[in-house]
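Single-structure report; data block below.
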Amino acid sequence: MRCPKDYNMSEGALQVIMSGGDYPNPIMQILGSKRINAGGDKEKIRILLSDGKHTISFAMLTTQLNDKVGPNGVQTFSVIKIDKYITSIINNSGKGDARVLLILEMSVIVDGTEIAEKIGTPVPLNEAETAKQNGSASSNKPSSSHNTNGTSSNSSLFKPKVSSMDTSENLAGHMTHPISSLTPYQNKWVIRARVSNKTTIKTWSNSRGEGKLFSFELLDESGEIRCTAFRDHVDKFYDYLQVDKVYYITKCQLKPANKQFNSLKNEYEMTVTNDTNIQECHDAEASELPQTQYNFITIDKIAEKDVNSLVDVIGVVKSVSELFTFQAKTTGRELKKKEVTLVDQSKTSIALTLWGEDAETFDGTNNPVIVLKGAKVGEFGGGKNLSTLVSTNIKINPELKECYRIRGWYDSEGANLETTNLSARSGSGNFATNWMTFKEVKDKNLGGSERGDYYQVLGTILLIKTDNIIYKACPTEECNKKMVDMQNGMYRCEKCNREFPNFKYRLLAHMNVGDHTGNQWISMFNSEVEKILGATAEEVGQQIEQDSEQLASIVDRAHFKEYVLKCRAKFETYNDEARVKTVCIKVDPVNYEEYNAYLVDKIQELTGLNFG
DNA sequence: CCCCCCCC
């Protein structure tokens, strides 16, 4: 027979733990597991656990560890080390209080398939004995790092329960439950939790009525949960609850979490009720409760995330836009936003949009680190971006090791590295556009629609204007605005309301393009002008700084070349006169195979003959 | 009981 000592099992540990004591990193054997439906869409796993001397059947795994046990996870008879646990007293549906062991972290020492039998001859830990020792454990205060519950060495814990809780009852010293043990089926609980996030107060009005609400997020060693307060409860608790403070909370209503709007690791969320009691916790151990838990992903990984998913991201602010104010198209409401570019060690950058008050108050000077929990992934023009929601937890330069790490990276090298911009509009002009001739564009009166009309034309560049083809632009990433030369070595960007000693060259060309039916004046922006000139804006800028006469010959290289130009035509009113303005949004070399196919179609259409 | 989260 296999002996507990051969496996270094912690004989007697269960007796200590189940009496409210502390036994660090005990080694135990799993004798069985059973999935039990705790409501919601997730099951809980109850396991039969042995320390070699005793067994208990009321050990549970946190739902995060579910995958670790069972047919494809940790096998029955495995010897495990319990790296982190807590115990909790639950009301066992009228049969009196029972203590359960909740395993938070574990590692496998020997796989069950190698052992394939029960080690030693453990006997069930006597429940009555345990209950008796619960009372006597009061003089033996367990370490709070292993027990959020039972720490209060207060024998009043074991007094009979009062049937209803008076809201003025002092919750301090009351036995507490881990957040991860909360279910809608058991409403006698007190949690001790840190408020990790709090939304602003929101009012709503719809067919079902109107009101106001705010929500907050609660965190303890076992997990996290979202809680929402409506109407009167907003007045009662909004100011009282402060982010990062710790509270005793009881009597909220639990319900399955709506995962579309809640990214917390909990299958439930809860609502403040008339019976809810919240009291600040001043215990010294409260400081040991964890701070906000993040599941950071690096910026490059956002590329693979679905639009509308929620992510935790940490990044250094590379640049910030001005504050934009505009009307929402659907609601007509006035919106304020600020666009921030974030970078991280994956050498990838992404645009982050801050809204409303967050946008107004954000100060991007000195490249602060932004830490986001629950930011929304968006998409625009083929690139990904991030946007904050009212529920997003935003922290600027928090005292966090990841924050110091990324700060160090940015200051030592990150600031000077080339980065890939995940928000780049790769899709600009990548959509299908109809072939047109300039005569068709004129005959069809293109340009009348709100968003403009798009077409592509096979055109030859006839004349590029050299005046104002290059300018000194604001060095801020998204700005690109032409700056005013202060004539003192500084340049001023009116849009950003800032002066810079540096600038970046940008190209903006006006040119006449012709096809066999006519010609059209168009404008073309930086990236596309670089393509037709075969030189970057920086190179062109450098060359004309040497010799401004060179501009004519640089531009001349592009003349009389044929391209496929994707254009947008839109009517604009200038000096009370409506005229069509055309912008070439993409220029590509001619794909003759494709163009010929179009011509064949066109000939068939004109002649009624079929060449197929 | 919200759950809209906006724009280019």
Side-chain angles (χ1 to χ4, degrees), chain A residues 197-217 225-238 252-264 268-274 276 307-311 321-341 350-360 372-394 421 423-429 431 450-452 454 477-481 495 525 568 570 583 585:
Chain A
N197 194 27
K198 183 174 94 165
T199 69
T200 52
I201 297 170
K202 184 214 148 151
T203 57
W204 84 88
S205 174
N206 60 29
S207 57
R208 292 180 296 277
E210 53 185 53
K212 59 180 173 182
L213 71 112
F214 79 101
S215 64
F216 51 101
E217 292 168 14
I225 194 162
R226 185 163 100 140
C227 185
T228 306
F230 291 94
R231 304 172 208 270
D232 293 350
H233 305 135
V234 174
D235 304 324
K236 193 167 170 189
F237 294 118
Y238 188 76
C252 293
Q253 178 68 50
L254 278 107
K255 61 175 184 177
N258 186 339
K259 287 292 170 191
Q260 199 187 337
F261 306 106
N262 181 348
S263 63
L264 299 194
Y268 304 115
E269 57 190 23
M270 58 190 195
T271 306
V272 170
T273 68
N274 288 330
T276 297
V307 170
N308 290 332
S309 58
L310 300 173
V311 291
S321 75
E322 58 169 321
L323 182 72
F324 294 94
T325 304
F326 56 91
Q327 300 270 116
K329 268 197 182 131
T330 45
T331 60
R333 211 170 354 156
E334 190 189 73
L335 301 174
K336 289 194 168 93
K337 71 155 188 179
K338 210 175 255 182
E339 208 145 282
V340 172
T341 303
I350 192 164
L352 162 73
T353 308
L354 300 172
W355 295 96
E357 210 181 303
D358 293 326
E360 286 180 290
L372 301 162
K373 184 178 168 71
K376 196 189 77 164
V377 176
E379 186 267 343
F380 180 64
K384 287 275 170 68
N385 57 57
L386 292 174
S387 188
T388 58
L389 309 176
V390 273
S391 58
T392 306
N393 185 345
I394 308 167
N421 182 8
S423 303
R425 284 161 224 176
S426 58
S428 102
F431 49 90
E450 170 103 28
R451 291 192 171 253
Y454 293 82
E477 186 132 344
E478 306 83 8
C479 184
N480 300 333
K481 181 125 179 108
K495 198 172 164 189
F525 294 120
R568 180 184 60 225
K570 191 175 184 316
V583 176
I585 53 169

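Chain identifiers are assigned alphabetically (A, B, ...) following the order of the sequence lines, protein sequences preceding nucleic acid strands; residue numbering begins at 1 within each chain.
Residue A:E334 is out of contact with every strand shown, counting any heavy-atom pair closer than 4.0 Å. Within 4.0 Å of A:K255, counting heavy atoms only, lies at least one base atom of the nucleic acid.
Along DNA chain B, the nucleotide nearest A:T388 and the nucleotide nearest A:S215 are compared for position; the residue whose nucleotide lies closer to the 5' end is A:S215. Between A:F326 and A:R333, it is A:R333 whose nearest contact on DNA chain B lies nearer the 5' terminus.
Taking the ring centroids of A:F214 and A:F216, they lie under the 6.0 Å cut-off. Note: A:F324 and A:W355 fail the aromatic proximity criterion, with ring centroids not under 6.0 Å apart.
The environment of A:E322 atom CD is dense: over 12 non-hydrogen atoms of other residues, nucleotides or ligands sit within 6.0 angstrom.
Note: CG (A:L213) to P (B:dC5) measures 15 Å, nearest angstrom. Between A:E360 atom CD and B:dC6 atom P there is a gap of 18 Å when expressed in whole angstrom units. One interatomic measurement links the two molecules: CG of A:L335 to C1' of B:dC8, which rounds to 12 Å at whole-angstrom precision. Atom P of nucleotide B:dC5 and atom CD of A:Q327 are separated by 18 Å, given to the nearest angstrom. We find that CD of A:E339 is positioned 17 Å from P of B:dC5, with the value rounded to whole Å.
Dashed line: the shortest gap from a side-chain N or O of A:K337 to OP1 or OP2 of B:dC8 is not under 4.0 Å. The phosphate of B:dC2 has OP1 or OP2 within less than 4.0 Å of a side-chain N or O from A:W204. Contact check, A:R208 against B:dC2: a side-chain N or O comes under 4.0 Å of OP1 or OP2.
Relative to the side chain of A:L389, the nucleotides B:dC5, B:dC7, B:dC2 differ in distance, and B:dC5 lies closest. Side chain of A:E269, nearest nucleotide from B:dC7, B:dC5, B:dC2: B:dC2. Across B:dC6, B:dC4, B:dC2, the shortest atom-to-atom separation from the side chain of A:K376 is found for B:dC6.
An aromatic stack links A:F380 and the base of B:dC8, using centre distance under 5.5 Å and interplanar angle under 30°.
The side-chain heavy atoms of A:E217 and A:K198, taken from C-beta on, include no pair separated by under 4.5 Å.
Between A:Y268 atom OH and A:N262 atom CG the span is 13.5 Å, to the nearest 0.5 Å.
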